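Since the structure is predicted, the reported quantities are computational estimates derived from the model, not experimental observations. Throughout, a chain's letter reflects where its sequence line sits, starting with A, and its residues are numbered from 1.
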Amino acid sequence: MTKLSKNILDKIKKDKIKPIPRWQFISLHILLWAAYLLAIAFGALAFSVIFRLIGGVQWEMVRLAGKGPVHGFILVLPYLWLIILGVVLFLAGKLFEKTKKGYQFKHVVVVLSSVAISLILGMMFYFAGVGHSVENSLTEKVGPYAEWRDSRDKFLVVPDNGVLVGRVLDIKPKEELMIIDFMRTKWVVDISEAFSVDNFQPQIGRPVGLAGEKISDDEFKADKIFPFRPPKQRKILNPLKK
Amino acid sequence: MQDYSSKTDAEIVKLTLKDQEVFLHLVQRYEGKLSRYIRRIAFVDAQTVEDILQEVFIKIYKNLNDFDPDLSFSSWAYRITHNEAINYLKKMDRQKSIPLESDDEDVVSLIDILESDVDIVKELSKKELQKKVQEVLSMLSPDFREILILKFLEEKEYKEISDILKKPMGTIATLINRAKAQFKQIAERNNLTYSSL
């Protein structure tokens with residue numbers, strides 16, 4: 001027996017050192033995997049909300065409000081959710097690397113795989129209406145989120161370009177709408193000759209999109225009425241729904 | 001006393017979990033290799049090597065239930081040793097300036113790296129050559145130094161180095177190439193090759 005092995009055995013006996021029980025390691029590994037899967041699920045949720053936010057956009061209104069298609073697309077991107085998605089997937093990558101065999105994979109492969117899994121799950125969530133439910137709940141129950149949502153859509157309040165979005169305050173069917181836009185200006189909108197896209201029926205308290213012409217500082221004549229932030233995805237984007 | 005020399009490391013790990021005395025055989029099997037590895041990467045005196053090694057074996061003993069039989073015990077033990085040595089260096093803040101000491105045998109192995117591509121100055125005496133190679137080693141970044149030590153002095157395979165350093169195999173191959181390139185570059189700057197003359 002060498003001096004070192006004797007010292008080690010003496011220390012083990014003297015300090016009553018015992019091997020850490022196997023169940024503790026197994027629990028730790030399970031926790032790590034659970035945290036990774038949770039991060040992927042959050043990533044999928046973020047993807048489904050992003051699809052909802054981009055998929056629900058009325059591109060005709062964006063075209064009118066923006067300075068060309070690229071500018072319009074930049075305005076439409078939901079940066080808050082893109083940041084959340086980035087953080088969650090970065091965490092997922094780090095958690096995967098901490099798993100037993102995680103180090104055997106290149107960082108880029110881990111990140112891209114996590115993105116791919118979240119993307120596929122996110123599409124499934126989107127078609128199942130999860131993105132809509134999450135988005136609607138956040139808008140209704142979380143004040144700051146609703147404010148962010150309205151401020152994000154302010155770029156669509158450009159009456160001089162013939163485009164307006166806001167919440168319906170009052171309705172005179174087939175004649176007039178009273179709305180308050182996301183810049184807090186009230187408008188009387190003539191809808192007597194307006195075409196309603198997707199047979200959309202405006203409702204008091206809900207958002208509406210309008211394309212047409214500004215008549216005065218508080219009057220607007222609409223050519224088209226668009227569904228804006230519909231509570232459910234449009235049929236064309238919902239192949240799972242009968 | 002039972003003969004454990006024919007038993008595999010994994011078998012001894014299993015037996016140690018039933019009888020702590022068996023752990024002695026693992027210690028005896030690895031203390032030489034691991035103490036040499038600590039000395040090579042941490043450049044510390046014999047007493048410190050022993051202190052680090054004791055901590056390494058205690059950690060190995062505590063974590064025996066986490067040993068994955070898919071991994072070789074050797075790689076697992078080297079990984080724990082690497083972590084302990086790095087922690088020691090961080091504590092001592094000695095990663096940047098290391099008083100380098102290495103064996104003649106080590107120096108000869110490292111000269112092989114140079115000889116594969118460039119001619120080493122033959123006029124240098126053995127003593128001068130050793131001094132120069134030691135200087136070159138001390139100038140390498142710690143990551144590159146350790147990967148050269150694992151590949152050329154510890155003679156580990158890529159898979160083993162990947163398991164020890166917890167890096168993908170592709171990254172290990174890249175790191176070895178870069179470390180070799182840096183070693184040769186510094187060697188040239190220090191008049192260790194014909195190409196710089």
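- No other option in B:Leu64, B:Asn63, B:Leu71 has as many heavy-atom pairs under 4.5 Å with chain A as B:Asn63.
- Checked against B:Ser74 for a side-chain hydrogen bond (donor to acceptor under 3.5 Å, both in side chains), the options B:Glu160, B:Arg29, B:Lys156, B:Lys33 give a single hit: B:Lys156.
- The aromatic ring centres of A:Phe47 and A:Trp81 sit 6.0 Å or more apart.
- At a heavy-atom cut-off of under 4.5 Å, chain A is reached by B:Lys166, B:Lys167, B:Pro168, B:Gly170, B:Thr171 from residues 166-173 of chain B, listed in order of number.
- The structure places CG of A:Leu9 at 6.0 Å from CD of B:Gln20, a figure rounded to the nearest 0.5 Å.
- A:Glu140 and A:Tyr145 share no donor-acceptor pair across their side chains, judged by distance under 3.5 Å alone.
- Annotation: residues 45-57 of chain B contacts chain A through B:Glu50, B:Leu53, B:Gln54, B:Glu55, B:Phe57 [non-hydrogen atoms, separation under 4.5 Å].
- Listed options A:Ile17, A:Asp15, A:Leu28 were ranked by heavy-atom pairs under 4.5 angstrom with chain B; first place goes to A:Ile17.
- The pair A:Asp181-A:Arg167 does not count as a salt bridge, with every side-chain nitrogen at least 4.0 angstrom from each carboxylate oxygen.
- Salt bridge A:Arg22/B:Asp66: absent, no basic N to carboxylate O contact under 4.0 Å.
- Checked against ring pair (Phe, Tyr, Trp, His ring centres under 6.0 Å), B:Phe23 has the following partners two or more places apart in sequence or in another chain: B:Tyr61.
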Between side-chain atoms of residues 103-110 of chain A and protein atoms elsewhere (two or more places apart, or another chain), which donor-acceptor pairs fall under 3.5 Å?
from: A:Tyr103; atom 1: OH; to: B:Arg79; atom 2: NH2; distance (Å): 3.3
from: A:Tyr103; atom 1: OH; to: B:Asp163; atom 2: OD1; distance (Å): 2.5
from: A:His107; atom 1: ND1; to: A:Glu97; atom 2: OE2; distance (Å): 2.4

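- Under 4.0 Å is where a charged nitrogen must lie from a carboxylate oxygen, and between B:Glu154 and B:Arg40 at least one such pair does.
- Among the candidates B:Asn65, B:Leu26, B:Asp68, B:Leu165, the residue making the largest number of heavy-atom pairs closer than 4.5 Å to chain A is B:Asn65.
- Counted by atom type alone, B:Lys159 and B:Ser72 present zero donor-acceptor pairs between their side chains at under 3.5 Å.
- Under the 4.0 Å criterion applied to side-chain N and carboxylate O atoms, A:Lys14 and A:Asp10 are not assigned as salt-bridge partners.
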